[in-house]
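Take a look at the structure set out below.
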There are 2 protein chains.
Amino acid sequence: MQERECGESAAPLYLRVRDQLASQIEEGSLAPNTRLPSERILAEEYGTTRVTARLALAQLEREGRLFRSNRRGWFVSPPRLIYKPAHDYSFSDYVTAQGRAPETDTLGVTPMEVSPWLAAKTGLSVGDPIVLLRRRRLIDGRPVLVENIYLNPKRLPNIETYDFNRSLWKLLREKYDVELRQKRIEMYPTALVDPQASDIGVTVGTAGLYVTRCSRDADGCFVELDEEFWLHDALSIQVDVD
Amino acid sequence: MQERECGESAAPLYLRVRDQLASQIEEGSLAPNTRLPSERILAEEYGTTRVTARLALAQLEREGRLFRSNRRGWFVSPPRLIYKPAHDYSFSDYVTAQGRAPETDTLGVTPMEVSPWLAAKTGLSVGDPIVLLRRRRLIDGRPVLVENIYLNPKRLPNIETYDFNRSLWKLLREKYDVELRQKRIEMYPTALVDPQASDIGVTVGTAGLYVTRCSRDADGCFVELDEEFWLHDALSIQVDVD
DNA sequence: TCGCTCAACTGGTATAGACCAGCTTGACGA
DNA sequence: TCGTCAAGCTGGTCTATACCAGTTGAGCGA
């Protein structure tokens, strides 16, 4: 939208380094998913120390232009995925539609009991049975989110026996004849902490977006509650109303 | 949602400092808007250096639990404002409804011409007249967002002559008989840069949320495009669909 | 050819200082 | 009483260095 106007040498050194890297990204000499030179080399190139180079890199990371892969290096962020949480598209479908390659790992399926927090969100009673499904999703080989999905076994009997590496939405429709209505979506930016950070393979404190969706069927019966922990630079949310 | 399980001394020092501060915030001994001891004093208390203390503080800032006021110190973040961008509530009304005190500053009103970027968003033609309104909004005295509002003077003649410190939404309804339909909302987390960062009074690189809304009236005529730059810890987005 | 080991690299964490710029506060003077 | 100004505080930026932990890739041996 708007670009910083300042190019003065009055700006702090780390922001001048940021500006030079940013313009290389914009002009395309650093393509998406390209790995940058190491912090030590960058520091030397710009005649400064690693601490200052890291400030510049961290600034670009906060802006969503760079990401890091644990102890492997810094990379140029690919474009954000357009994500419409109000729609029922499957992850695979809309990632594919945007020319990217989706993958899904199931991290675990755990039958458990409804906690007070879950009860408040879903309308179920504390102690009711619930099934927790944890998945990790990748785009072009990069993990971009993990999700906790709480499924209502009353509405979805034997749900834990299916294969969750395919589209859950298609599963619900085909096997349980569920048509989702009412959906409440909440989201806010926050930092990723463990266990989500290590599931995604990023440092604790990496910026993220927390998204939660509570879905009910046409009768108002609770079907599933979804908690998603996204990397902050991986998505752009889009919602149409009216 | 989920809390870190680790309390082992194996964790990095800056995360152990983070944990101690975080539990003080949770148990309430550090109330919202309380100022923390200075970085130098915290470093001494925890037997470490300022750099490490700053790592812990920055981590809590990323999580949305602390915020800083330029060269004044670190403060405990108040609860997030529940924000429903799909609704037409006025900022003042929903801030007040949540027991907080809203304020609005008008930063400027500028007639200008539609840029290519704006043309793509609005459907207007490049070079058409448009009015840019820039405002800053505060909650309990803390600036939490700045916004650029692009108003269509064809639909809203003489719009630049009104007082913008009151609700724009009420103004449109009362003076122009506008009833907004169709609304396209997009948002993504990013870092705040100048000029938004200095308008809000935070350091360049502070985490933010970019929200844009494009509104049309019942005839599909473009009314206004809104770009909002929020502090990331100030809000929680809520959208209901179907 | 295949698998393993290990050295060299990466970023992650941490110390110990330094100086600068903006804010706050209190003493002082009009 | 009120405004001014300077001292002392705050965080913001920066240097120089050190060691640790996970990744990578080259080279060796079976």
Side-chain angles (χ1 to χ4, degrees), chain A residues 6 8-19 21 34-62 66-76 141-143 191-194 197-198 200-206, chain B residues 6 8-19 21 34-62 66-76 141-143 191-194 197-198 200-206:
Chain A
C6 77
E8 319 111 54
S9 58
L13 175 55
Y14 83 95
L15 285 179
R16 302 205 303 275
V17 174
R18 182 223 88 104
D19 290 345
L21 291 172
T34 304
R35 180 164 149 206
L36 270 69
S38 76
E39 296 177 355
R40 288 169 175 84
I41 290 176
L42 283 172
E44 198 178 345
E45 276 180 12
Y46 289 98
T48 180
T49 63
R50 238 185 101 202
V51 178
T52 302
R54 277 173 71 80
L55 278 180
L57 293 166
Q59 169 68 21
L60 287 162
E61 183 189 38
R62 284 191 291 265
L66 294 183
F67 68 94
R68 52 180 130 178
S69 178
N70 207 337
R71 284 173 223 274
R72 295 202 312 120
W74 294 83
F75 299 81
V76 178
R142 177 191 179 204
L192 299 177
V193 296
D194 282 334
S198 44
I200 295 186
V202 296
T203 307
V204 169
T206 300
Chain B
C6 78
E8 320 110 54
S9 58
L13 176 55
Y14 83 94
L15 286 179
R16 301 205 303 276
V17 174
R18 182 222 87 104
D19 289 344
L21 291 172
T34 304
R35 178 163 149 207
L36 270 69
S38 76
E39 294 176 355
R40 288 168 176 85
I41 290 176
L42 284 172
E44 198 178 346
E45 276 180 11
Y46 289 98
T48 181
T49 62
R50 235 184 103 202
V51 177
T52 303
R54 277 174 70 82
L55 277 181
L57 293 167
Q59 169 68 21
L60 287 162
E61 183 188 39
R62 284 191 291 265
L66 293 183
F67 68 93
R68 51 180 129 179
S69 178
N70 207 339
R71 285 172 224 273
R72 294 203 311 121
W74 294 82
F75 298 81
V76 178
R142 178 191 179 203
L192 299 177
V193 296
D194 282 333
S198 43
I200 295 185
V202 296
T203 308
V204 169
T206 300

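Note that these values count all heavy atoms, side chains included, but never hydrogens, waters or copies made by symmetry. No experiment lies behind these values; they were computed from the predicted model shown. Per chain, numbering begins at 1; letters A, B, ... match sequence-line order.
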Could you tell me whether A:Glu45 atom CD has more than 12 heavy atoms of other residues or ligands within 6.0 Å of it?
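Counting other residues, nucleotides and ligands, CD of A:Glu45 exceeds 12 neighbours.
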Whichever of A:Leu13 and A:Asn70 has its nearest DNA chain D nucleotide further upstream toward 5'
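Counting from the 5' end, the first nearest nucleotide belongs to A:Leu13.
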For B:Arg72 and for A:Tyr14, locate the closest nucleotide of DNA chain D by heavy-atom distance; then report the residue assigned to the nucleotide nearer the 5' terminus.
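Upstream on the strand: B:Arg72.
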Any base atoms under 4.0 Å from A:Ser69, or only sugar-phosphate, or nothing? Heavy atoms, all strands.
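Contact class for A:Ser69: none.
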Under the ring-ring contact (aromatic ring centres under 6.0 Å, His included) test, residues paired with A:Phe75 that sit two or more places apart
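A:Phe75: ring-ring contact (aromatic ring centres under 6.0 Å, His included) contacts with A:Phe67.
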Contacts to DNA chain C from residues 45-56 of chain B, heavy-atom cutoff under 4.0 Å, which residues?
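Residues of residues 45-56 of chain B that come under 4.0 Å of DNA chain C are, in numerical order, B:Thr48, B:Thr49, B:Arg50, B:Val51, B:Thr52.
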Hey, are the side chains of [X] and [Y] touching, using non-hydrogen atoms and a 4.5 Å cut-off?
X        : Y       : answer
A:Trp74  : A:Glu61 : yes
B:Val204 : A:Leu15 : yes
B:Tyr14  : B:Asp19 : no

Taking it one step at a time, do A:Leu57 and A:Arg68 satisfy side-chain contact (heavy atoms from CB on, under 4.5 Å)?
CA-CA 9 Å; A:Leu57 293 166; A:Arg68 52 180 130 178; over 6 Å; no
Which pair of heavy atoms, one from B:Pro37 and one from B:Leu42, lies closest together, and at what distance?
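Closest approach of B:Pro37 to B:Leu42, heavy atoms only: O-CD1, 3.6 Å.
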Exercise: identify the closest heavy-atom pair between B:Ala56 and B:Arg18
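Heavy-atom minimum between the residues: CB-N, 3.9 Å.
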Tabulate protein N/O versus nucleotide N/O from nucleotides 5-7 of chain D, keeping only pairs under 3.5 Å, one per line.
none

Decide yes or no on side-chain contact (heavy atoms from CB on, under 4.5 Å) for A:Val202 and A:Asn70, but give the supporting numbers first.
CA-CA 6 Å; A:Val202 296; A:Asn70 207 337; over 6 Å; no
Opening and closing nucleotides of DNA chain C in contact with chain A, under 4.0 Å to non-hydrogen atoms:
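In short, chain A contacts DNA chain C from C:dT10 to C:dT13.
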Would you say the side-chain atoms of B:Arg50 pair up with the backbone N or O of B:Glu39, donor to acceptor, closer than 3.5 Å?
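No; zero donor-acceptor contacts below 3.5 Å.
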Run the side-chain hydrogen bond (donor to acceptor under 3.5 Å, both in side chains) test against A:Ser69 and tell me which residues pass, sequence neighbours left out.
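A:Arg72.
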May I ask you to list the residues of residues 37-44 of chain B, by number, that have any heavy atom positioned under 4.0 Å from an atom of DNA chain D?
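Of all residues in residues 37-44 of chain B, the ones placing a heavy atom under 4.0 Å from DNA chain D are B:Ser38, B:Glu39, B:Arg40.
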Can you list the steps and then say if A:Gln59 with B:Val193 is a side-chain contact (heavy atoms from CB on, under 4.5 Å)?
CA-CA 10 Å; A:Gln59 169 68 21; B:Val193 296; 4.1 Å; yes
What do the steps show when you test B:Leu66 against B:Leu36 for side-chain contact (heavy atoms from CB on, under 4.5 Å), and what is the final call?
CA-CA 9 Å; B:Leu66 293 183; B:Leu36 270 69; 3.9 Å; yes
